[in-house]
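Here the structure is laid out as structure tokens; the discussion comes afterwards.
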Amino acid sequence: SVGENNALHRRLRIKQDGVNPWTQQICCTCHRVKDMADFSPTNQPRYGPILSVTSSRCRVCTAANTRTVQRRIKEKACAGL
């Protein structure tokens with residue numbers, strides 16, 4: 001399936017960077033190599049018994065992005081008053 005193919009290519013790119021694709025991942029925002037535990041699981045279904053799906057952003061970058069989005073929403077709401 002498309003999901004399995006995407007997961008395979010993602011793991012191959014990670015392996016080319018010299019990282020263990022089964023225990024580590026590269027954050028798409030900060031581009032740092034981090035353990036899988038530093039990434040949140042997503043709501044997407046699993047692609048198989050081994051290929052679990054995690055977020056492409058680490059938890060730190062996800063939290064920073066959430067704060068930025070919430071700040072922008074608050075600024076828009078205040079500007080409309």
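Along the sequence shown, residues carry numbers from 1.
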Looking only at atom types and distance, does a side-chain atom of Glu75 sit under 3.5 Å from a main-chain N or O of Gln70, one as donor and one as acceptor?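 Side chain of Glu75 to backbone of Gln70: no pair is present.
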
With rounding to the nearest 0.5 angstrom, report the [atom1] to [atom2] distance, [X] to [Y].
| X | Y | atom1 | atom2 | answer |
| --- | --- | --- | --- | --- |
| Leu12 | Asp17 | CG | CG | 11.5 Å |
| Arg71 | Thr66 | CZ | OG1 | 12.5 Å |
| Gln25 | Asp38 | CD | CG | 10.0 Å |

Considering non-hydrogen atoms only, spot the tightest contact between [X] and [Y] and give its length.
| X | Y | answer |
| --- | --- | --- |
| Lys34 | Cys58 | NZ-SG, 3.3 Å |
| Ile14 | Pro21 | CG2-CA, 3.9 Å |
| Arg59 | Phe39 | NH2-O, 3.5 Å |

Any side-chain heavy atom of [X] sitting closer than 4.5 Å to one from [Y]?
| X | Y | result |
| --- | --- | --- |
| Arg13 | His9 | yes |
| Arg32 | Ile26 | no |
| Trp22 | Arg11 | yes |

Please determine whether side chain to side chain donor-acceptor pair (under 3.5 Å) holds for the pair Thr62 and Arg57, giving the CA-CA distance in whole Å, both sets of side-chain angles, and the decisive distance to 0.1 Å. CA-CA 6 Å; Thr62 300; Arg57 285 187 180 133; 5.6 Å; no

